[in-house]
Every structure is written in C-alpha cells, then in structure tokens.
Protein chains: 2
Amino acid sequence: MKPESRAYSSYSRDALTLLAQIIRRARIERKLTTQELADRAGISRGLVQRIERGDPGCAIGAVFETAAIVGVRLFDADQPTMAAHLSANSATLALLPKSVRRSRGSVKDDF
Amino acid sequence: MKPESRAYSSYSRDALTLLAQIIRRARIERKLTTQELADRAGISRGLVQRIERGDPGCAIGAVFETAAIVGVRLFDADQPTMAAHLSANSATLALLPKSVRRSRGSVKDDF
DNA sequence: AGCAAATGCCTCGTTTATGATCCATACTAA
DNA sequence: TTAGTATGGATCATAAACGAGGCATTTGCT
C-alpha cells in the first residue's frame, strides 16, 4: 500500500496535524524561514512544507529532526532522562515473551 | 538527501528509538503478532519490523497509525481535547506573522 | 506604495521506501 | 522434546518520497 492511499484513524491524523502545527508555530516563533530550517535539518524546503502540512508520507526521521531543531520535544524529557527511559524500556522488553502466541478467540482490543 | 544518510541529532534518534520500543512493548502486551498488527494497520509485516526497529525512513503516517492501533498516544489526550488543541493552535497560528523576516545578525538558537 | 524576500505549489528525474516472498532461526505450547 | 508458529532478515520489483528548480503570490520592511 502507498502512504498516500492508506487509511488513517482520526487519532493519528489529528496527532499528525497537531505535530505539524506545533512545528510550524515553533519555527515562526524562532524566526526561522522555511529555507533556514531546511538547511539546518539537512532537507529541502519542499519537505519542510510537507512536514508543516502534516503529510503522512514524510519520513519520520526528517519530521523528528525538524521538530528537534525548532525545540519541539515529542517526549518532554532531557537527555539523561531519555536515556533512562530507553534502558528501562529495554529491560522491560527483555522480560516480555519473545514471540506472541495466537491464543485463538479473543484479542485485546480495549483502547 | 536520503533518510538513510541523513544526520540526526541525538535527541531525535533517542525519541525515535524510544517510540519504537514503546510500540513494540505495547504490541506484545496486547498479544498481537507482527502480522496481525500489520494487517490492522494496512501495512506489511516488514514495515512493522522497521518501525519497531526505529528506522528513521519509515513514513510517519504508518508509524503513528501503528502506534494508535496498539494504544500508544503521542499526545496523551482524548478526541475532543485533541480537536480543541487543533483549533486553538490554528487560532494562534493565525496571529503569528505570515512570513519570517530575516533579521540579520542573531537567530534564536537556545535549545 | 514599492521592493525584496518568503511562501505555496507545481513538475520532473532520481533515489528510496514499501510490499511480496522466501528462508533460517528462535520461541512457545503441548 | 517435538511440532508449529512467530520472528528476523534478505532480496527484488514497484510505487512513492525527496531534491532541484521554477513561477506566482503574498508579506513585511522602508
């Protein structure tokens, strides 16, 4: 399937749009032109525009990097805290079953 | 530039890895196989694997959708709250200057 | 008002991600 | 321990993202 014609839940679409808005707002508040932001992120101006439009097809790395440059944090934590979460998560992950067994019948669908 | 060979700040790399971990963890806890998750997200199993590996080149739409399916919220808010943020942000955005003027000299670099 | 610059939005060529498939290995349940 | 299944990873064809460049419009400064 193509990112263009994929089906998105309203939540992920909203989240995407919101992130885009926040990035755009942060860029303007920091007085960076789209070109300057593009240069700093190592991407093209066109991509910055797509990111600020909330295009679902943009590479997540480009979006996160762009966000970071204008000071937007997906996880509001500093470096050491992030690292802590990373290792803590790794530990938890290590305790979970390595593979998921299909328990015929029900699936956790509560969200 | 290619998503593969792009330069990423340590923060965005960490954020990406953390998100990947969280998604993987949520999938396992919900007892979904990679294939089932892929089917529900309308993507391939291979893409789910790349997402759970934190590949920066994945389309952000696919990642957000996958996250949503396993119950991971990028913004911890419910539908109406999200909508509120969206419109509030639009309003704020409307008040900001439409274009950024290069004020030669200094640039806000404090982050 | 006038002008330089920023933005929005195209198109096109290239590079890349994605889906499909397959295989080897790891794992879980019985 | 064994059988069946999930996972990891690799390859290949195809579809799509990205970069480059251009053009029209809008914007903000003077």
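Predicted model, so just to flag it, every value in this text is computed and none were measured. Letters A, B, ... are given to chains in the order of the sequence lines, protein chains preceding strands, and every chain is numbered from 1.
- With B/Arg24 as the fixed residue, the side chain to side chain donor-acceptor pair (under 3.5 Å) test singles out one of B/Glu52, B/Glu29, B/Gln49: B/Glu52.
- Following rounding to the nearest Å, A/Asp39 (CG) and D/dA20 (C1') show an atom-to-atom distance of 13 Å.
- For B/Arg45 against D/dG8, a side-chain-to-base donor-acceptor contact under 3.5 Å is present.
- Between the P atom of D/dA24 and the NZ atom of B/Lys98 lies a distance of 24 Å, rounded to the nearest Å.
- At least one side-chain nitrogen or oxygen of A/Ser44 sits closer than 4.0 Å to the OP1 or OP2 atom of D/dG19.
- Separating the NZ atom of B/Lys31 from the C1' atom of D/dT5 is a distance of 16 Å, rounded to the nearest angstrom.
- Two residues, A/Cys58 and B/Gln49, neighbour DNA chain D, and the one matched to the more 5' nucleotide by heavy-atom proximity is B/Gln49.
- If you take CG of A/Leu47 and P of D/dG21, they are 16 Å apart, rounded to a whole angstrom.
- Between the side chain of B/Lys98 and the backbone N or O of B/Ala94 there is at least one donor-acceptor pair closer than 3.5 Å.
- For B/Arg101 against D/dT27, a side-chain-to-base donor-acceptor contact under 3.5 Å is present.
- Using a 4.5 Å cut-off on side-chain heavy atoms (C-beta onward), A/Leu32 and A/Arg40 make contact.
- One can place CG of A/Leu32 at 10 Å from P of C/dT7, the figure rounded to the nearest angstrom.
- Between B/Gly46 and A/Ser99, the residue anchored nearer the 5' end of DNA chain D, judged by the nucleotide with its closest heavy atom, is A/Ser99.
- Between B/Ala62 and A/Gln35, the one whose closest nucleotide on DNA chain C sits nearer the 5' end is A/Gln35.
- For the side chain to side chain contact (heavy atoms under 4.5 Å, CB included) with A/Leu18, the qualifying choice from A/Ile22, A/Asp14, A/Leu16 is A/Ile22, the only one to do so.
- Between B/Arg53 atom CZ and C/dA17 atom P there is a gap of 12 Å when expressed in whole angstrom units.
- For A/Glu65 (side chain) and B/Ser9 (main-chain N/O), a donor-acceptor pair under 3.5 Å exists by modelled atom type.
- Between B/Thr34 and D/dT7 there is a side-chain N or O to OP1 or OP2 distance below 4.0 Å.
- With rounding to whole Å, B/Leu37 atom CG is found 12 Å from C/dG19 atom P.
- The separation between A/Leu93 atom CG and D/dG8 atom C1' is 15 Å, rounded to whole Å.
- The shortest distance between the side-chain N/O atoms of B/Arg6 and the OP1/OP2 oxygens of C/dT15 is not below 4.0 Å.
- Checking the phosphate oxygens (OP1, OP2) of C/dG8, a side-chain nitrogen or oxygen of A/Arg24 falls inside 4.0 Å.
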